Q: 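Once you've had a glance at the structure underneath, I'll fire off some questions.
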Amino acid sequence: MFRIKRLLFGLQFLASCMMCSALFAAEWVGTSSCISCHQDQYQQWQGSDHDMAMRHANEDAVLGNFADASLSFAGKSMQFFRKAEQYWVTIEGSHGQLQDYKISYTFGYYPLQQYMVEFADGRVQLIPYAWDSRPIEQGGQRWFHLYPKMQKTDEFYWTNAGQNWNYMCADCHSTQLQKGYDISSNTYNTTWFEINVGCEACHGPASEHLKWAQQVELNPQHIAEQSGFDRSLQQEVSEWVYQEGLSTLQAGKRQASQQVKVCAQCHSRRIQISQANNHVTGSLLDRYQPSLISADLYHDDGQIYDEVYVWGSFKQSKMHQAGVSCSNCHNPHTTELKMDEQALCMQCHIAAEYSEDKHSFHAAGTDAAKCTTCHMPATTYMQVDPRRDHSWQVPRPDLSQSTGVPNVCTTCHTDKNAVWAEQVLRQWFPDSASTQEQHFAKAFYLANQGLRSAEQALALIAQDRHQSPIIRASAVQRLAGFPGSRGVIAIANAVTSENSLARLGAVQAIEHYPAAERWRLLEPLLSDATLAVRSQAAAALVKDWQSLSIVQQQQLQGPLEEYIAIQQYNADRGFALSNLAGVYLAQGQFKKAEQLYLQAIELEPYFVNSYVNLADMYRATQQEEKAFAVLTQGIKGQPKSAALVYSAGLSLLRQKQVVEASQYFLLATEREPSNSHFWYVYGLSLESLDVSKAQQALSRAYDTSRNPQHLYALCEMKVRHKDAKAKLCILQLQALAPPDVIKRLNLELNRQ
């Protein structure tokens, strides 16, 4: 009888909860609530990268040797020791003195484990020493310095913002994180629901799922399609099928899935723009602004360069276009591969065509014969952590020859060159379609070199539907440096694209366009469905605030407030304060802008843009001496910066101090010798001081960039100074410049 009453009560409770479920959002319940029904998944998760993402520093979590261990660095002895149950280190702080710090948390576990210190203001910082958790025979079981060349003025020095957990890491390493930054006191009260990456970090809050499970238990015959979660983590393709004549399986049936978006939260290079928006049920760009395939993160052919955390690589791959999801290869609970590498690939790639002995042309059973060796080369980060490129590219040594990108062939065969590698591949795969494909690498290379021909090349890639959406968006983004008629067409098409990344790229592409053109192109994006796009559109258009009509300003106001809110959310970083200052500067609120720039400088004295932007504001308001003073302050705060000494040189030039200015320009070229623009300006500044050195600098600018503008400046200077090699310079320029330019130079030369 008691059991029947309990069942009736349960049914009444469930009915009542179901009636209220539309009114109340699902709540977080914790991993412990999942164990009873999901034992297998829980066992797999234990000890995984997700489980060990972050832990309290205790016996169960700490792997490093804290038994009075020491490590000598820069002539000082760093100590790792214990005080009862606590873990401590004696390391150098920001003031250069050795100091004792208590370790509060561990971070990760393999192939290295990092450790974090919590400060009184709520800041949690990662110390620069890590424990190499690999086996001894692999060189592990040792302490090592992660960033031995790091200086105190570097962003990633351990007490600076680049190693701040609250901003940089917390959102990915814990579940349901609330950053809790207070701008008025510059303090944090960061909280989490679970310290590590628990079940709900991926599946979402599970209270409604528990109710669903109770309902199923009471009535097993009635299993609703909706399991109480707001997302589907199933694979995108439910059935792969063989098609005659194709060597890989094709997507047979597709189904709705948010799996890749869920993974993208942590496995992408991005900044967070909202703490409230749901990026799973909505757009990823409602909560995060992801990086595109930019030159600072990727090689010209899309191979990884900097840490990008996979998503950007994966999005450009043919695998993603075919419908492959993360869990086709990875067990999401163990975070390991689901099976042996070769077997994994043969799930879709027909073994008869892709067997080691037939496809790899390397000895079967060797590392060289593995699919990943040629198609997923690894880049090692943090000294001991190799991470494979998920763009799954076909080796293209021909691109190495034309653009300088790395290729896996000569990475292994170090005694050979790219020409040899291309010849061998053509012998092995004479009918390969891959080498005939229009690759975006050449367009990206032209853009990185600053060549005028990049505009047409980028515009073609941006509108090529054979390219992946993220590559097309990245091509649009790179058009920023090449305004022109072809670029405008590509940007206009991107503005109306269904792909939010393309629209984001379009916003970032119109920086150098006239104000009226910017408004015409971007006005539709002020009402875009995604937060990242409409807020960035507002940021691009607010620069023209003074020239906008009252109606236009009112139209801009809503998305601009969203942009401001994003900067306020990220106000623990100098870039956000500097962005806020830019808004107020555009609106003519100079005092407010100055206050924010100074606040950004105080917060991050090593952040270059704050100094440069403040100096530009002083210049625009006829305060050149203050501009130079703030740049001088910046050089002290970030002594490695080439941009600051270059800007200081421009300030001196405006003050008619040519000799001093040229010295600053020279310093800029020494700090950044690959920057052709620095050589160009240095050369121009030298003309009244030393024509020979001026021409050498302009020649260096052209040699570095192959930019016709730099060669033209050199030729013009040679003509102006009646140089004996002026005619030869014009002949060299003739193949690169319009006929009227050559004609004008020759006329000037013949007058002399």
Side-chain angles (χ1 to χ4, degrees), residues 17-18 20-31 33-35 37-38 40-42 44-45 48-51 53 171-178 192-194 196-216 223-238 251 253-268 270 272-290 309-311 314-315 320 323-335 499-501 529-532:
C17 286
M18 290 171 68
C20 297
S21 62
L23 300 176
F24 298 97
E27 297 177 350
W28 303 86
V29 299
T31 296
S33 300
C34 307
I35 299 173
C37 295
H38 301 284
D40 289 345
Q41 290 83 354
Y42 175 71
Q44 293 171 20
W45 171 81
S48 69
D49 289 311
H50 288 162
D51 179 22
D171 183 58
C172 287
H173 281 255
S174 300
T175 302
Q176 180 56 3
L177 189 110
Q178 301 292 310
W192 57 70
F193 187 79
E194 288 188 296
N196 54 2
V197 180
C199 305
E200 293 168 291
C202 300
H203 291 278
S207 62
E208 294 300 312
H209 175 68
L210 293 184
K211 295 173 186 177
W212 171 86
Q214 290 172 344
Q215 183 183 13
V216 171
I223 301 178
E225 291 184 10
Q226 177 56 259
S227 62
F229 287 119
D230 66 353
R231 62 195 66 178
S232 168
L233 300 186
Q234 60 193 357
Q235 294 170 2
E236 182 180 333
V237 176
S238 60
K253 293 182 180 179
R254 292 180 182 256
Q255 53 194 358
S257 173
Q258 288 87 37
Q259 184 182 124
V260 173
K261 283 200 292 185
V262 168
C263 298
Q265 173 177 347
C266 299
H267 295 277
S268 66
R270 82 293 189 280
Q272 188 170 355
I273 59 175
S274 169
Q275 196 164 257
N277 293 343
N278 189 325
H279 71 286
V280 180
T281 56
S283 167
L284 177 68
L285 275 68
D286 282 331
R287 189 177 178 97
Y288 302 100
Q289 184 175 317
Y309 309 107
V310 173
W311 180 82
F314 179 57
K315 290 285 284 187
H320 178 257
V324 172
S325 302
C326 309
S327 65
N328 282 112
C329 300
H330 296 274
N331 180 324
H333 299 108
T334 65
T335 66
N499 186 272
S500 56
L501 292 178
T530 59
L531 174 60

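Keep in mind the model is a prediction, meaning the values are calculated, not measured.
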Q: Taking Thr530 for the side chain and Ala532 for the main chain, is one N or O donor matched with an acceptor at less than 3.5 Å?
A: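 Absent.
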Q: Locate the shortest heavy-atom distance separating Gln259 from Leu233; write the atom from each residue and the value.
A: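 Scanning both residues, the minimum pair turns out to be NE2-O, 2.8 Å.
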Q: So which atom in Ala529 and which in Asp286 form the shortest heavy-atom distance, rounded to 0.1 Å?
A: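 For Ala529 and Asp286, the tightest heavy-atom pair comes out as O-OD1, 3.7 Å.
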Q: For the pair Ser232 and Gln234, evaluate side-chain hydrogen bond (donor to acceptor under 3.5 Å, both in side chains) and give the outcome as yes or no after the intermediate values.
A: CA-CA 6 Å; Ser232 168; Gln234 60 193 357; 3.2 Å; yes
Q: Judged by atom type as modelled, is there a donor-acceptor pair below 3.5 Å linking the side chain of Lys261 to the main-chain atoms of Val280?
A: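 Checking the backbone N and O of Val280 against the side chain of Lys261, a donor-acceptor pair under 3.5 Å is found.
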Q: Quick one: do Asn277 and Tyr288 satisfy side-chain hydrogen bond (donor to acceptor under 3.5 Å, both in side chains)? Show the steps, please.
A: CA-CA 9 Å; Asn277 293 343; Tyr288 302 100; over 6 Å; no
Q: Using every non-hydrogen atom in the two residues, find where Asn196 and His50 come nearest and quote the distance to one decimal.
A: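 The answer is CB-O, 3.7 Å.
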Q: Determine the minimum heavy-atom distance between Glu200 and Gly30, stating which atoms define it.
A: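 Scanning both residues, the minimum pair turns out to be OE1-N, 2.7 Å.
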Q: For a side-chain hydrogen bond (donor to acceptor under 3.5 Å, both in side chains) check, start with the C-alpha distance between Thr31 and Glu194, then their side-chain angles and the critical distance, and finish with the verdict.
A: CA-CA 8 Å; Thr31 296; Glu194 288 188 296; 2.9 Å; yes
Q: For residues Val29 and Leu210, determine if any side-chain heavy atom of one lies less than 4.5 Å from a side-chain heavy atom of the other.
A: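 Side-chain contact under 4.5 Å: yes.
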Q: Got a second to check how far His38's NE2 is from Gln44's CD, nearest 0.5 Å?
A: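 So the gap between those two atoms works out to 12.5 Å.
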Q: Between Gln235 and Ser327 (side chain of the first, backbone of the second, donor and acceptor by atom type, cut-off under 3.5 Å), is there such a pair?
A: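 At least one qualifying donor-acceptor pair exists.
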Q: Can you tell me how far CD of Gln214 sits from NZ of Lys211, rounded to the nearest 0.5 angstrom?
A: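 Answer for the NZ-CD pair, Lys211 versus Gln214, is 9.0 Å.
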Q: Between atom NZ of Lys315 and atom OG of Ser268, what is the distance when rounded to the nearest 0.5 Å?
A: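 That separation rounds to 10.5 Å.
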Q: Grab the two heavy atoms, one from Thr175 and one from Gly198, that are nearest each other, plus how far apart they are.
A: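 The pair with the smallest heavy-atom distance is OG1-N, 2.9 Å.
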Q: Please list, chain by chain and in numerical order, all residues satisfying side-chain hydrogen bond (donor to acceptor under 3.5 Å, both in side chains) with Ser33, sequence neighbours excluded.
A: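 Per chain and number, Ser33 pairs via side-chain hydrogen bond (donor to acceptor under 3.5 Å, both in side chains) with no residue.
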Q: Check side-chain hydrogen bond (donor to acceptor under 3.5 Å, both in side chains) between Gln178 and all other residues, then give those that pass, not counting sequence neighbours.
A: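 side-chain hydrogen bond (donor to acceptor under 3.5 Å, both in side chains) check on Gln178 returns Gln275.
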Q: Show the nearest heavy-atom pair for residues Arg287 and His279, with the distance to one decimal.
A: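 Scanning both residues completely, I find the closest heavy atoms to be CD-ND1, 3.5 Å.
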Q: Rounded to the nearest 0.5 Å, what separation is found between the CD atom of Gln265 and the CZ atom of Arg270?
A: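 Nearest 0.5 Å value for the CD-CZ distance: 6.5 Å.
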Q: Please enumerate all residues that pass side-chain hydrogen bond (donor to acceptor under 3.5 Å, both in side chains) together with Asn278, with sequence neighbours excluded.
A: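 Listed in chain order: Asp230, Thr281.
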Q: Is the distance from the ring center of Trp45 to that of Tyr42 below 6.0 Å?
A: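 Ring-ring flag for Trp45/Tyr42: true, centres closer than 6.0 Å.
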Q: Side chains of Ser174 and Val197: does their closest heavy-atom pair fall under 4.5 Å?
A: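 Heavy-atom side-chain distance check fails, nothing below 4.5 Å.
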Q: Got a second to check how far Ile35's CD1 is from Cys199's SG, nearest 0.5 Å?
A: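 Output value for this atom pair is 8.0 Å.
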Q: When rounded to the nearest 0.5 angstrom, what distance separates CZ in Phe193 from CD in Glu27?
A: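 These two atoms lie 9.0 Å from each other.
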Q: Under 6.0 Å between the ring centres of His320 and Phe314?
A: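 Ring centres of Phe314 and His320 closer than 6.0 Å.
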Q: Is it the case that the side chain of Ser325 and the backbone of Asn328 share a donor-acceptor pair, with hydrogens and angles ignored and the cut-off at 3.5 Å?
A: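 Answer holds: no.
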